[in-house]
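Convention: sequence-line order gives letters A, B, ...; per-chain numbering from 1.
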Amino acid sequence: MASLQPARGTHDLLPDDFRRHSRVIDIARETAGLYGFAQIATPIFEFTEVFQRTLGDTSDIVTKEMYTFIDKGGEQVTLRPEGTAGVARALISNGLSQHLPLKYFYAGPMFRYERPQKGRLRQFHQIGVELLGVPGPQADIEVLATGQQILEALGIWRHTRLELNTLGDPESRDAYRAVLVEYFQDHLDTLSKDSQERLHRNPLRILDSKDEGDRTLVAGAPAFGAYLNQHSQDFFGRVTEGLTALGIPYTHNPRLVRGLDYYTHTAFEFVTEALGAQGTVMAGGRYDGLVGMMGGPETPGIGWAAGIERLAMLLTEVPQAPRPIAVIPVGSAEEAAAMRLAQRLRKAGYPVELGYGGNVGKRMKRANKLNARAALLLGEAELAREIATVRDLDSGEQVEIPLSQLEDRLSIFR
RNA sequence: GCGGGCUUAGCUCAGCUGGUUAGAGCGCACGGUUGUGGUCCGUGAGGUCACGGGUUCAAACCCCGUAGCUCGCCCCA
């Protein structure tokens, strides 16, 4: 057993995995591009305050999951645990409020110090979109539609369902929270231990509890709907109408709550049954207060993030490595000619593998292992006649092709 | 941070109530084939039995600790 292990919760992406990741990112970028989202990249670490102030002092991310350290200049920095705070900071840093609305797409690693599980890592990767500067529900609808189309394009939409809820505006949420706390306060003794803790930190979270006792208690709890003010009700109504108009099915889950402080109004999760306890594959919501909270101009925003590892696990159609053409010199006298020919074909756009030694048999074996589509043999006889022996490695058929015609005639192997 | 299961070859796994040189399949290397892969046949390499300690005449096997993996909780993508 190897003694050199990667750090806990991290792992190497070898070519098979990397191709899956690339496929997720490529399709997401392309699809988001159809909606006008442009890719950006923000730093992988930020000053700690960027996350601390925005995520809320009581969230688990801040209290136990951040990779924080002091750099050599004495600055306290944190490896980013999520993408939105950095994008909001970038908006302020770059004075981008002048150019609203803005639509950004990003992809990259995130870091959370957690106990690893299936679909949960300490260094993981997310894609995400953020739409800034649009206060109306058109933005919510568009952001949700972007996510849905990406899942569809990846071929995993059919394993997924959209759960939707509203957290209302701050006024509605504060009113509801007060009522909720009062209700659970009266049943404190029947509340699970976890939820007693939640009552102080994030009472809305109790709605989401998996504890059976909590669930029966929750069933009797006052409903959020009654405490939503007119504006919040209208807003949510327009979002759901928009989804219906676009033919995007959703489930209204009144117990769906987001963990981070900055969410308002729309909250949603695309979930699957296929990944065990980590069923959330893409999640987000509206964060109208975030940019203002960070010290920038009040700017509405909405977005989502999705875990690339989780999406990659759901891909049924696995991207294959390209099938090369193997150019094989029969003897050492043909090495140079083979190398020149390989280069010529690569410049014409063919993936070409040139063996690294050995006799023809060994090189053929290697070509086969690389899943080569065809083998092109160059020997003394071939060079004298200015042809190549071309073997179709799927059918075993072999033909001779004049060297000058290779670019054209190899096209059947693309 | 909490609880359960697991860890034997590159991979997937056998290994009896503790007993002598720890096995298989796949993969890998070489050969059968000095100009032809895949299939087949033969030969071979590869193991501090996760790590550290303990019990025992004797430990892959029993006990304790540590690490990693895994499933769930918390939380989250």
Side-chain angles (χ1 to χ4, degrees), chain A residues 1-11 14 24 55 58-65 80-84 107-128 147 192-195 197-198 201-202 205 208-211 257-260 268-272 275-284 303-314 326 328-334 353 355 358-382 388-398:
Chain A
M1 189 54 72
S3 57
L4 271 185
Q5 303 255 344
R8 187 174 201 191
T10 68
H11 64 62
L14 301 180
V24 169
L55 299 178
T58 60
S59 74
D60 267 36
I61 289 185
V62 168
T63 55
K64 69 175 192 188
E65 294 178 3
R80 63 182 186 194
E82 56 100 38
T84 304
M110 304 291 166
F111 304 85
R112 292 182 196 171
Y113 189 85
E114 305 187 83
R115 182 119 170 213
Q117 285 182 40
K118 180 180 185 179
R120 169 187 294 175
L121 298 160
R122 290 185 171 180
Q123 176 179 336
F124 61 107
H125 299 81
Q126 287 187 332
I127 53 173
S192 71
K193 206 171 154 228
D194 280 332
S195 285
E197 181 63 25
R198 281 188 274 239
R201 292 163 49 145
N202 193 345
R205 270 273 166 211
D208 212 11
S209 175
K210 288 176 188 170
D211 182 272
V257 179
R258 306 262 65 222
L260 308 182
F268 58 88
E269 292 184 1
F270 290 87
V271 298
T272 177
L275 292 180
Q278 276 67 241
T280 301
V281 103
M282 176 183 281
W304 51 251
I308 296 177
E309 283 83 357
R310 293 184 186 179
L311 293 173
M313 280 190 282
L314 294 172
I328 299 177
V330 170
S332 54
E334 290 82 35
E353 281 292 339
N359 58 24
V360 174
K362 190 187 254 295
R363 288 177 190 248
M364 285 292 283
K365 260 195 218 302
R366 201 174 296 132
N368 194 59
K369 190 180 300 183
L370 289 166
N371 196 26
R373 183 64 185 81
L376 205 154
L377 275 73
L378 281 184
E380 195 182 350
E382 281 85 354
T389 298
V390 177
R391 184 177 179 87
D392 181 326
L393 291 177
D394 287 350
S395 67
E397 282 168 32
Q398 199 157 293

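- rU55(B) and rC64(B) have their C1' atoms separated by 11 Å, given to the nearest Å.
- Looking at heavy-atom distances under 4.0 Å, Val330(A) makes contact with a base.
- Relative to the side chain of Tyr113(A), the nucleotides rG37(B), rG35(B), rG1(B) differ in distance, and rG1(B) lies closest.
- Nearest-nucleotide mapping onto RNA chain B: of Gln126(A) and Leu377(A), the residue sitting toward the 5' end is Leu377(A).
- The base of rG38(B) is not paired with the side chain of Asn368(A) by any donor and acceptor separated by under 3.5 Å.
- Listed by chain and number, the residues in a side chain to side chain donor-acceptor pair (under 3.5 Å) with Glu382(A) are Thr389(A) (sequence neighbours excluded).
- Rounded to a whole angstrom, the distance from the P atom of rA59(B) to that of rC16(B) is 16 Å.
- Put simply, CG on Leu311(A) and CD on Gln126(A) are 10.0 Å apart, with the number rounded to the nearest 0.5 Å.
- Looking at which nucleotide of RNA chain B each of His125(A) and Thr389(A) is closest to, the 5′-most match is held by Thr389(A).
- Residue contacts for Leu370(A): at a heavy-atom cut-off of 4.0 Å it reaches no nucleic acid atom on any strand shown.
- Taking atom P in both rC13(B) and rA50(B), one finds a spacing of 15 Å when rounded to whole Å.
- rC75(B) atom C1' lies 9 Å from atom CZ of Arg112(A), rounded to whole Å.
- Remark: the separation of the C1' atoms in rU70(B) and rG31(B) is 43 Å, to the nearest Å.
- In this structure, the side chains of Met364(A) and Arg391(A) come closer than 4.5 Å at one or more pairs of heavy atoms.
- Remark: the Gln398(A) side chain and the rG35(B) base include no donor-acceptor N/O pair separated by less than 3.5 Å.
- No contact: Ala367(A) has no heavy atom under 4.0 Å from any strand.
- The side chain of Arg120(A) has rC74(B) as its nearest neighbour among rG35(B), rG37(B), rC74(B).
- When all heavy atoms are compared, the tightest approach of Pro116(A) to Arg122(A) is CD-NE, 4.4 Å.
- The residue Ala381(A) sits close to a base: some heavy atom pair falls under 4.0 Å.
- Separating the CG atom of Leu376(A) from the P atom of rU36(B) is a distance of 17 Å, rounded to the nearest angstrom.
- With rounding to whole Å, Gln123(A) atom CD is found 14 Å from rA77(B) atom C1'.
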Between protein and nucleic acid, restricted to nucleotides 67-70 of chain B and to nitrogen or oxygen atoms under 3.5 Å apart, what atom pairs and distances do you find?
| unit_1 | atom_1 | unit_2 | atom_2 | d |
| --- | --- | --- | --- | --- |
| rC69(B) | OP2 | Arg8(A) | NE | 3.1 |

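- With sequence neighbours excluded, the residues that form a side chain to side chain contact (heavy atoms under 4.5 Å, CB included) with Glu114(A) are Glu65(A), Arg112(A), Arg120(A).
- The nucleotide whose nearest atom lies closest to any side-chain atom of Glu114(A) is, among rC75(B), rG37(B), rG35(B), rC75(B).
- Heavy atoms of Arg363(A) sit nowhere under 4.0 angstrom from any nucleic acid atom.
- Comparing the same atom, C1', in rG15(B) and in rA24(B) gives a spacing of 11 Å after rounding to whole Å.
- Residue Glu334(A) is classed as having no contact, given no heavy-atom separation below 4.0 Å to the nucleic acid.
- Straight-line distance from the CE atom of Met364(A) to the P atom of rG37(B): 6 Å, rounded to whole Å.
- Heavy atoms of Asn371(A) sit nowhere under 4.0 angstrom from any nucleic acid atom.
- Using a 4.5 Å heavy-atom threshold, the side chains of Ile127(A) and Trp304(A) count as touching.
- Taking the P atoms as reference points, rC6(B) lies 27 Å from rG47(B), given to the whole Å.
- Side chains of Arg310(A) and Thr280(A) form a contact here, defined as non-hydrogen atoms less than 4.5 Å apart.
- In terms of the salt bridge (charged side-chain N to carboxylate O under 4.0 Å, His left out) criterion, residue partners of Asp394(A) (sequence neighbours excluded) are, by chain and number, Arg323(A), Arg373(A).
- Straight-line distance from the CD1 atom of Ile328(A) to the P atom of rU36(B): 11 Å, rounded to whole Å.
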So which protein N/O to nucleotides 25-32 of chain B N/O distances come out below 3.5 Å?
| unit_1 | atom_1 | unit_2 | atom_2 | d |
| --- | --- | --- | --- | --- |
| rC28(B) | OP1 | Lys369(A) | NZ | 3.3 |
| rC30(B) | OP1 | Lys362(A) | NZ | 2.2 |
| rC30(B) | OP2 | Lys362(A) | NZ | 3.4 |

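- Nearest heavy atom pair, residue Ala375(A) against residue Ile328(A), reads CB-CD1, 4.2 Å.
- Using a 4.5 Å heavy-atom threshold, the side chains of Arg8(A) and Arg115(A) count as touching.
- Side-chain atoms of Glu82(A) come within 3.5 Å of backbone atoms of Thr84(A) as a donor-acceptor pair (strictly under, hydrogens ignored).
- For Phe124(A), counting side-chain heavy atoms from C-beta on, the closest listed nucleotide (rG35(B), rG37(B), rA77(B)) is rA77(B).
- Atom pair Glu65(A):CD and rC73(B):C1' shows a separation of 14 Å (rounding to whole Å applied).
- Taking atom C1' in both rA58(B) and rU21(B), one finds a spacing of 16 Å when rounded to whole Å.
- As rounded to the nearest Å, rG72(B) and rC63(B) have P atoms that lie 27 Å from one another.
- No engagement by Gly128(A) is indicated, since no non-hydrogen atom pair under 4.0 Å with the nucleic acid exists.
- For Gln398(A), the CD atom sits in a packed shell: over 12 heavy atoms of surrounding residues, nucleotides or ligands are nearer than 6.0 Å.
- Here the closest heavy-atom approach between residue Leu378(A) and residue Ala388(A) is recorded as CD2-CB, 4.0 Å.
- Using a 4.5 Å heavy-atom cutoff, the side chains of Pro109(A) and His125(A) are in contact.
- Every stem involving RNA chain B, taken as at least 3 paired positions in a row under the Watson-Crick or G-U wobble test at 3.5 Å, is listed here: B:1-7 with B:67-73, B:10-13 with B:23-26, B:28-32 with B:40-44, B:50-54 with B:62-66.
- Counting non-hydrogen atoms under 4.0 angstrom, Gly396(A) reaches a base of the nucleic acid.
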